[in-house]
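In this text, all values refer to a predicted model and were calculated from it rather than measured experimentally. Only heavy atoms go into these numbers, but all of them, side chains included; no hydrogens, no water, no symmetry mates.
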Amino acid sequence: MPRPAKVPPPPPAGYLWTPEAARRIGLSVKTLWNYAHLGKGPQPRRIGRKLAYKISELDEFLANQLNAEPDPDRTHESRPAEPRTTRRPARAAA
């Protein structure tokens, strides 16, 4: 006899489980997990053994990402351009 499929319980009202939250804001589940681990982005709530994200916080995070101003401290992090060199040195005239 086949086993019944395990269907996760629905999240509490106003919350989404991690896979649905990742789809809603356009990130992978792994990136969302990394953000939670680093304390960056929307913070999850632990419900049993699962993480749930508040929908209003997901929408706020997405709005902040879309309207983000450039960070003035990070504007000049790149290295200056290196001078161009030829690939092969020119042959010396005999």
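Here W17 sits in one hydrophobic cluster together with I47; the rule is ILVMFWY side chains under 4.5 Å apart, joined directly or through other members.
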Identify all side-chain donor-acceptor contacts of residues 52-65 below 3.5 Å with residues at least two apart in sequence or on another chain.
unit_1: E57; atom_1: OE1; unit_2: R45; atom_2: NH1; d: 3.0
unit_1: E57; atom_1: OE2; unit_2: R45; atom_2: NH1; d: 3.3
unit_1: E57; atom_1: OE2; unit_2: R45; atom_2: NH2; d: 2.9
unit_1: D59; atom_1: OD1; unit_2: R24; atom_2: NE; d: 3.0
unit_1: D59; atom_1: OD1; unit_2: R24; atom_2: NH2; d: 3.3
unit_1: D59; atom_1: OD2; unit_2: R24; atom_2: NH2; d: 3.2
unit_1: N64; atom_1: ND2; unit_2: E60; atom_2: O; d: 3.4

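For residues 27-38, the side-chain hydrogen bond (donor to acceptor under 3.5 Å, both in side chains) pairs, not counting sequence neighbours, are S28-T31. Applying the salt bridge (Lys or Arg N to Asp or Glu O under 4.0 Å) rule to pairs touching residues 31-44 yields nothing, sequence neighbours excluded.
Taking R23 as the reference, nothing meets the side chain to side chain donor-acceptor pair (under 3.5 Å) condition, with sequence neighbours excluded.
Once rounded to the nearest 0.5 Å, the distance linking CD of Q43 with CG of L51 reads 10.0 Å.
Note on L32 and L38: separate hydrophobic clusters, where clusters join Ile, Leu, Val, Met, Phe, Trp and Tyr whose side-chain heavy atoms are under 4.5 Å apart, directly or indirectly.
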